[in-house]
Amino acid sequence: MSNSILESGAAMADGTPRRGVEQLSMQQALNRALDEVLAGNPKSLVFGEDCGRLGGVFRITDGLQAKHGTGRVFDTPLAESGILGMSVGLAMAGFHPIPEVQFDGFAYPAINQIVCQIARMNYRSRGTLPMPITLRVPSFGGIRAPEHHGESLEALFAHVPGLKVVSPSNPHEAYHLLKYAATRPDPVIFMEPKSRYWQKGEVDFDSADPSGSPDGGSPAGGAPTGAKVMREGRHLTVVAWGAMVARCLQVAGLAAEDGIDVEVLDLRWLKPIDEAALAASVRKTRRAVVVHEAPRTSGLGAEVAQLITQNCFDTLKAPVERITGFDVPYPSGDLEDEYIPNIDRILFGIQRVLEYRRG
Amino acid sequence: MVAVRHLDTSAIGWQRQGLIPGYAPELGQEAAQVGSGYAVDTTRDFVFPTYREMGVARAMGVDMVAYMSTHKATWHGGLYNPLESRLAPIQAVVGGSVLHAVGWAHGQTLDQTDGVAMAYFGDGASSQGDVHEAMNFAAVMKAPVVFFVQNNGWAISVPAERQVAGGSVAARAAGYGLPALRIDGNDVVAVVDATRRALAHARAGHGPVLIEAMTYRRGPHSTSDDPGRYRSLNEERDDAGEDPLERFRKRLLADGVADEAFFAEALAAAKAEEEHVRAGIQSLGSRPGVEMFDLVFQETTPALQAQAANWREESEHV
């Protein structure tokens with residue numbers, strides 16, 4: 001299934017052959033990760049609506065049923081609470097479920113199972129019933145989809161004790177983060193930026209950093225739950241995740257033309273947040289802007305801003321700025337570009353922070 | 001059944017005495033609970049309870065101090081080990097665990113074991129969407145599940161006729177293409193027999209079965225409930241029918257299987273057990289606060305560790 005550019009170099013330190021670097025879309029990278037997880041762990045299962053024969057509406061599970069069988073990769077009835085509730089029982093029976101909710105907005109009908117059951121079962125059972133469930137949620141907007149097909153639920157999930165939340169920003173991150181998440185003993189909500197599914201990028205399969213850093217180095221020290229600096233800069237830190245990382249990198253490129261040196265920090269894990277990497281970056285640049293698609297009020301930007309204030313108050317030169325979606329229901333495609341932080345709004349935010357003067 | 005009746009009645013007394021903050025009595029449901037729990041094979045089956053399954057737990061041999069600890073407010077899910085006891089943690093979202101049973105059961109199919117999941121729920125829970133999704137999933141996947149419905153006539157204050165459209169949970173099974181039995185839940189022999197047949201059906205790979213055991217909750221919903229606000233004593237007496245314990249006693253006497261000495265012995269054993277359980281829950285201390293932090297994840301987070309450290313620093317009672 002691959003057109004891999006296999007490199008025939010020396011073996012890795014642990015003896016496994018080097019697999020090199022490939023250009024893949026995020027959809028392909030996720031598909032590859034699931035394929036390898038299924039091959040590596042006989043107790044792992046992939047299921048959800050249309051995940052089997054169709055390969056998922058975004059084709060993330062394409063070909064997996066044919067390869068791993070209908071017992072390992074299967075279609076479920078159309079009922080999100082059922083999918084997640086079944087995951088609880090499968091986890092109790094020793095399986096590692098990797099369920100899919102077809103679109104972010106359809107996670108709402110399953111909130112009871114996610115919040116009351118998946119997130120609490122380890123606690124309720126005093127650690128005897130771990131919930132190694134990786135819930136894949138195609139997330140965020142940007143594809144002009146119908147209502148409930150584009151939502152930003154990260155703050156909701158991150159607020160729930162017992163859940164971990166992660167969002168990849170490019171194919172390399174998608175591959176490595178999904179492989180990592182699917183081997184953890186705790187529930188992980190894996191928020192895939194659906195507007196980035198078809199964007200290609202380099203995936204370094206041999207990355208020394210298990211967190212997926214191509215160069216193996218980041219202020220986060222390569223911790224698998226760490227944030228990652230995607231672009232170094234001196235004047236200001238932009239904190240983003242998911243689809244917004246690519247946009248912020250674009251913004252940083254434009255700002256550089258005006259001599260503004262923007263550092264872009266991909267938070268990656270929205271829970272737990274890598275406070276050390278966040279503080280290290282902002283202590284260096286002394287200014288910060290948080291960018292997210294979700295509505296502003298009680299959004300994750302508030303949490304990030306508070307962590308920065310707490311850890312970097314003495315060095316901050318300006319209040320932390322938030323460039324976010326608005327406190328409105330996610331709009332139709334026609335208004336999507338007005339809602340999602342665009343290049344201009346992010347640039348204005350950067351400018352406000354840079355020009356801030358104490359009164 | 002005598003032990004369960006005695007423990008159940010005692011638990012209400014313990015609440016009145018302040019030994020435990022609350023309890024969900026099951027007076028009148030002993031035949032449904034003990035009969036079905038007795039039929040479970042704890043070497044291969046797994047039971048998914050709600051919060052009113054003390055009789056099932058006792059019949060399965062679950063440690064009663066560990067079970068009652070949830071009513072002492074010691075730990076939400078109870079202190080028993082679910083994997084060893086084959087009883088899932090006590091569950092307050094009553095429709096939620098029905099889906100867990102389906103997932104666990106499907107896991108047995110994948111693992112090719114002959115274990116069966118028993119999902120307990122009531123007439124009230126049968127209104128929840130999760131129960132419908134569970135029946136549909138189980139039927140589609142032919143999962144080995146026994147849906148054991150205790151229709152005790154009341155969902156707190158709402159009678160079954162205002163809770164279950166059509167009046168029968170068992171009737172719904174036909175819509176999902178799964179077999180159902182509606183049985184006299186106050187006849188312990190009938191309950192054991194029906195549960196064994198259902199378990200055998202599921203175990204043989206024929207898919208899920210639903211049993212609706214018609215019984216009656218004679219007491220309040222919980223120790224905080226006042227049934228006088230929604231039913232009169234006369235109604236209760238008329239609707240409850242014959243006491244399931246009295247009924248079984250008569251049968252055992254008539255069949256010559258037991259005599260008065262047997263019942264006296266059973267009662268004495270129940271009293272001794274009650275004393276043991278009472279002493280056990282009396283001596284249950286509070287859980288160490290650090291468990292609040294340590295048991296959230298298998299792999300904790302830096303933020304949680306920091307909060308635990310703060311708590312240690314700012315608390316005197318660590």
Side-chain angles (χ1 to χ4, degrees), chain A residues 42-43 45 47 71-72 74-95 97 99 109-110 112-113 115-117 119-132 161-164 184-187 223 225 269 271-276 303 307, chain B residues 46 48 70 75-84 88-93 95-111 113 115 117 119 128-130 132-134 136-141 143 145 287 291-292 294-306:
Chain A
K43 300 302 268 186
L45 302 171
F47 54 90
R72 307 281 309 284
F74 53 92
D75 294 316
T76 64
L78 197 162
E80 287 76 15
S81 191
I83 294 167
L84 274 301
M86 187 175 77
S87 301
V88 174
L90 283 165
M92 288 171 71
F95 288 87
N112 168 42
Q113 288 294 338
V115 174
C116 298
Q117 308 301 338
R120 288 174 183 234
M121 196 59 85
N122 187 72
Y123 193 74
R124 183 184 290 145
S125 70
R126 304 177 54 73
T128 58
L129 299 174
M131 290 285 115
L163 298 180
K164 293 174 182 177
R184 303 335 298 162
D186 291 310
T225 54
W269 288 86
K271 187 183 183 181
I273 289 176
D274 185 350
E275 284 189 51
E303 181 71 24
L307 290 172
Chain B
F46 209 97
F48 295 79
T70 192
W75 199 262
H76 285 316
L79 288 174
Y80 54 90
N81 181 320
L83 291 174
E84 286 165 11
I90 288 162
Q91 175 70 245
V93 179
S97 50
V98 186
L99 277 166
H100 307 171
V102 177
W104 187 89
H106 186 60
Q108 306 317 297
T109 306
L110 293 173
D111 278 345
T113 81
Q128 295 208 334
D130 275 1
H132 298 273
E133 294 190 18
N136 188 48
F137 268 60
V140 165
M141 300 189 302
V145 185
R287 301 306 308 171
E291 287 188 350
M292 190 163 64
D294 286 350
L295 296 173
V296 179
F297 292 113
Q298 294 280 318
E299 293 176 335
T300 190
T301 67
L304 206 47
Q305 283 174 304

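Letters A, B, ... mirror the listed sequences (proteins, then strands); counts begin at 1.
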- Would you call B:Asp294-A:Arg126 a salt bridge at under 4.0 Å N-O? no
- Run the side chain to side chain contact (heavy atoms under 4.5 Å, CB included) check on B:Leu99 and A:Val88 step by step: do they pass? CA-CA 8 Å; B:Leu99 277 166; A:Val88 174; over 6 Å; no
Check [X] against [Y] and note the closest heavy-atom contact, atom names and distance.
X       : Y        : value
A:Gly85 : B:His100 : O-CD2, 3.4 Å
B:Pro89 : A:Leu129 : CD-CD1, 3.5 Å
B:Gly96 : A:Gln113 : O-NE2, 3.2 Å

Is it the side chain or the backbone of [X] that comes within 4.5 Å of chain A heavy atoms, both, or neither?
X        : value
B:Gln91  : side chain
B:Tyr80  : neither
B:Met141 : side chain
B:Glu133 : side chain

- Counting heavy-atom pairs under 4.5 Å with chain B, the top scorer among A:Arg184, A:Arg120, A:Lys271, A:Glu275 is A:Arg184
- Who wins among A:Ser81, A:Ala91, A:Gly94 for the most heavy-atom pairs under 4.5 Å with chain B? A:Ser81
- Task: To the nearest 0.5 Å, tell me how far A:Thr128 OG1 sits from B:Leu83 CG.
- Result: 5.0 Å
Which atoms of [X] are under 4.5 Å from chain B, going by heavy atoms: the side chain, the backbone, both sets, or neither?
X        : result
A:Asn122 : both
A:Met121 : side chain
A:Leu163 : backbone

- Message: Given 3.5 Å as the limit, does a donor-acceptor pair link the side chain of B:Trp75 with the main chain of A:Ser125, or not?
- Response: no
- Task: Please name all residues satisfying side chain to side chain contact (heavy atoms under 4.5 Å, CB included) with B:Thr301, sequence neighbours left out, ordered by chain then number.
- Result: A:Lys164, A:Pro272, B:Phe297, B:Ala303, B:Leu304
- Compute the ring centroids of B:Trp104 and A:Phe95, then answer whether they are less than 6.0 Å apart. no
- What do you reckon, are the aromatic ring centroids of B:His106 and A:Phe74 less than 6.0 Å apart? yes
